[in-house]
Structures are given as C-alpha cells and as structure tokens.
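Whatever order the structure lists them in is the order used to number ligands and atoms, beginning at 1. For this chain, numbers begin at 1 and follow the sequence in order. All values reported here derive from a predicted model rather than from experimental measurement.
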Amino acid sequence: MREKNMLCDLAVDAIAGLRSYQPGKSIDELQRELGLDEIVKLASNENPLGPSEDVKEAIAKATAEISLYPDGNGYYLKQALADKLAVSTDMITLGNGSNDVLDMVGRVFLEPEREVIYSEYAFVVYAITTQAVGAKGRVASALSINSEQPYGHDLAAMKALINGQTSVIFIANPNNPTGTYLELDILESFIKSVPSDVVVVLDEAYCEYGDKGESKKTIQWLNKYPNLIITRTFSKAYGLAGLRVGYSISQPEVADLLNRVRQPFNVNSLALVAAKAALDDEAYLEETRVLNQQGLKQLVAGFTALELNYISSVGNFICVEVGEAASRVFNDLLKEGVIVRALEPYKMPSYLRVSVGTLKQNEKFLNALAKVLKNV
Ligand SMILES: *Cc1c(COP(=O)(O)O)cnc(C)c1O
C-alpha cells in the first residue's frame, strides 16, 4: 500500500477541515452501476427541456473560434444582461456559474477573523465558500417545521447573529433545497436593517421561475443598498448548467472588487454566446415557466395522493418527506431508474428533493415512488 502523501498534513487548517461539495448522481454513473437504459435524473434542478434551439445554433457557430481565448470582458453578454435588467454593464460580474461569483465574494470580503451568516438548510456552497478562506460561519436556526415556510430562512435569527465581525450574509431566495421564499417587503426591511458595512448576498438562482415583477424589484434595491450583491445563473431556468455561466449585479465599485479576483477568462466562449442566445429566447423561458408550474402541481397532487408531506416550493424542485426510510427510498428509486437527491447532507434526513421534470418524467418518478414506498 502507498504511504499517506505528506502534503495531506500541509493543507491549511481551513481546507483540512473542509468536505467537498457532493453533486447529485449522474445518469452515466447510475448506468455504469446498474446497467439500466432508461434513467430519469431529477436531482440537480436542471431544465428538463434541454437547451433551446437558438442556443444550440449559437454554440455550433461559435465552435469555429474555440482556439481563441474568449472575450475576457464578456462584452456582448454583459450588454445583453444590462439591457434586460436595466442596469449599467459595470454593475455586472460574470462567473463560471454563479458559484464562481460566490467564491469571488469570499475571496474579496473574507479572512479568518471575519464571520459569515447563513441559515440552517441553506445552499451548502455558502458554508464551503466561508470555510475555504478560513472565515467563521455562523448558522442561524431556520423557521420551525410548523411555520408557513418550514425550514425556511428566519431573518430575525439571522439578524441576531450580526456582530462586529460579521462581513457577509448569504440569503437564497428561493432557497435550495427547501424551495421556501421570503416575501420581498420582509426581505427588504431585513436588508435595510443590516449595517452598511456588511455585504448581503442575495442568491436568486431560481428567480426566473417566480413572479417577473419581483425579480425586477430586487434589482432596484441596488440603488438604495450599496452593500447588496445579487447573484443569478444560467444553469437553471435557462438550461445551461453544463456550460457554467452565472453573474452578479452590484454597484460598480463592488463589481470592480470582484473583478480583481476573477480569473481572466473565467467564462468560456461557448458559454458566452449560449447565455446571450438564451437570454434573447423569451419563448423558451416562458415554456420553461409553464412546464414548471404544471410539474409542481403534478408532483404536489402525487404527494397528496400518497399522503406525503411536502414543503411548498416556488423553485423548479420540491422536498417531500418520506420518513425515516428516506435513504432506502432513495436507493430503491435508483433501482427504478430515477435519481433524486437525498438530503442527509442538509440535515433533513427524512426528505428527498426532487427536481421538476417533464410531465412524463414526473409521472415516472411518482409511479416509482408509489412502488418503492410499498417495499417495506
Ligand atoms: C443551483 C444553484 C446555484 C447556481 O449554481 P451555478 O454555479 O450557477 O450553476 C446557486 N445558488 C443556488 C441556491 C443554487 O441552487
């Protein structure tokens, strides 16, 4: 046996204690393990429609130039985003996925003496971003199971954790994995109450699924709250998870800081053209929204018929409670060719998170769920 590599002891403390992000199981992986041909993956909140035709065309055209470095400034994509969001281009920071932007926030605003606040059951990347730079994560208790937003962010609990060391607060709205949503007036009063020297990151990875007026409103907050950073992504509603492209919107001075740590060519040339084409394809986005609404209804009806509790969601995923046997149910679903997400890593061990698929995929999942719940 090989001896342990000495470098393991050399990793800085923050990294030595870090656990890497656990992605959902891939279709390929399950195919290799079980040899099933028909697999439905409802595990990573991807768009079940696949990329839009316009996107595929734009990518096909752009492949002729992949021997060249991409436009490090993302001129055309930023211009398109600025037009759409009615902001100036210098307020936009492009990322290799919005995860990349979250990471930039950590590198710009955090160091070991500083603290970060996020909620219990919040998106796990906040904890990773915090620990990776040795900052201290303070986890606010979530709302109770019996509240209107079970497991959702408790802004009062988050506020109570603010102290002189607090540098960043992460809020996901809606939150993943819970799908819970904070009403904007409540959220705005919270942001208003946060000291202006604390960065508030509002992660809106799923905002395209919600009310269009609401996603415009939060952008307007940027004029009032210079400490606000909003992050969004092309991975979910725009169907580009595999290309890795996201962005933040902030006041220009903040964007300038983020840009200092951004890798020079962090968004590749295919992602740049694809994101622009996706942004222009409003019909695709509308189709996505409609399909998602139908799918959520279908899943809720299915859970109700199976007498299962679920957490009402405004995203493209929903959490359903299957009890103590959740990990068995998860594994039995795999054998039926359905990949969902088990939520032990989020300390919600009795729940499964399922992404909204096509109506046919949802049906396959619901049938498989009914079947495996009977295997006791
Ligand atoms: C999926 C997701 C992201 C987006 O990640 P990308 O890096 O843009 O693919 C960000 N925040 C939350 C809460 C998410 O669920």
Side-chain angles (χ1 to χ4, degrees), residues 20-24 26 41-48 51 55 74 77 81 92-107 116-130 132 142 149 151-153 168-182 187 200-210 215 218 229-249 258 262-263 266-268 270-272 274-275 278-279 288 292 311 313-319 340-341 343 345-346 348 351 353-356:
S20 62
Y21 180 80
Q22 303 294 316
S26 74
K41 182 185 177 217
L42 301 173
S44 303
N45 306 344
E46 293 137 332
N47 190 324
V55 162
L77 177 56
L81 280 167
I92 297 166
T93 307
L94 298 179
N96 189 265
S98 55
N99 265 293
D100 188 26
V101 185
L102 297 174
D103 196 61
M104 291 179 218
V105 169
R107 288 198 292 144
V116 181
I117 299 171
Y118 41 82
S119 176
E120 230 182 337
Y121 316 117
F123 187 43
V124 69
V125 166
Y126 311 146
I128 295 176
T129 297
T130 301
Q149 302 275 330
Y151 300 94
H153 290 16
V168 175
I169 301 176
F170 286 109
I171 298 173
N173 205 38
N175 181 46
N176 170 20
T178 59
T180 47
Y181 186 72
L182 296 159
L187 182 55
V200 177
V201 178
L202 179 57
D203 179 343
E204 296 189 329
Y206 301 93
C207 69
E208 295 84 3
Y209 292 100
S215 58
T218 54
I229 301 175
I230 295 175
T231 60
R232 295 186 177 178
T233 182
F234 286 94
S235 298
K236 308 286 162 54
Y238 288 108
L240 300 182
L243 280 178
R244 315 303 304 125
V245 52
Y247 60 98
S248 69
I249 322 136
L258 296 175
R262 188 176 63 84
Q263 287 184 28
N266 64 332
V267 183
N268 71 72
L270 301 185
L272 287 173
L279 206 56
T288 294
N292 192 61
I311 305 175
S313 170
V314 300
N316 67 339
F317 55 89
I318 184 165
C319 288
V340 296
R341 197 65 158 258
L343 293 180
Y346 280 95
M348 293 172 66
Y351 285 84
R353 187 195 68 193
V354 55
S355 307
V356 179

Task: Separation between OG1 of T178 and NE2 of H153, rounded to the nearest 0.5 Å - done: 7.0 Å

Open item on the list: For Y118 and F123, I'd like to know if the aromatic rings sit close, meaning centre-to-centre distance below 6.0 Å.
Closed with: no

Open item on the list: Give the atom numbers and elements of ligand 1 that come within less than 4.0 Å of a heavy atom of S235.
Closed with: 6 (P), 8 (O), 9 (O)

Task: Heteroatom distance test (S98, ligand 1): nitrogen or oxygen, under 3.5 angstrom - done: yes

TODO: Any atoms of ligand 1 less than 4.0 Å from a non-hydrogen atom of N176? List them with their elements.
DONE: 13 (C), 14 (C), 15 (O)

Open item on the list: Just to be sure I'm reading this right: ignoring hydrogens, which of Y206, F317, F123, Y247 gets closest to atom 15 (O) of ligand 1? Compare them by their nearest heavy atoms.
Closed with: Y206

Task: Nitrogen or oxygen of N99 less than 3.5 angstrom from that of ligand 1 - done: yes

Task: Residue pair Y121 / P177: nearest heavy atoms and the distance that separates them - done: O-CD, 3.3 Å

Task: Short side-chain to backbone donor-acceptor contact, N316 and Y206, under 3.5 Å - done: no

Open item on the list: With a heavy-atom distance limit of 4.0 Å, tell me whether F234 approaches ligand 1 through its side chain, its backbone, both, or neither.
Closed with: neither

Task: Ligand-residue contact atoms, ligand 1 with K236, heavy atoms, under 4.0 Å - done: 1 (C), 2 (C), 3 (C), 4 (C), 14 (C), 15 (O)

- [ ] May I ask you to list the atoms of ligand 1 that are less than 4.0 angstrom from any heavy atom of R244?
- [x] 6 (P), 7 (O), 9 (O)

Task: Centroid-centroid under 6.0 Å between Y151 and Y351 rings - done: yes

Task: CZ on R353 to CD1 on I311, rounded to 0.5 Å - done: 11.5 Å

Open item on the list: Yes or no: does D203 have any heavy atom under 4.0 Å from an atom of ligand 1?
Closed with: yes

Open item on the list: Using a 4.0 Å cut-off to any heavy atom of A205, which atoms of ligand 1 qualify?
Closed with: 2 (C), 3 (C), 10 (C), 11 (N), 12 (C), 14 (C)

Open item on the list: Nearest 0.5 angstrom please: D100 CG to T231 OG1, how far?
Closed with: 11.5 Å

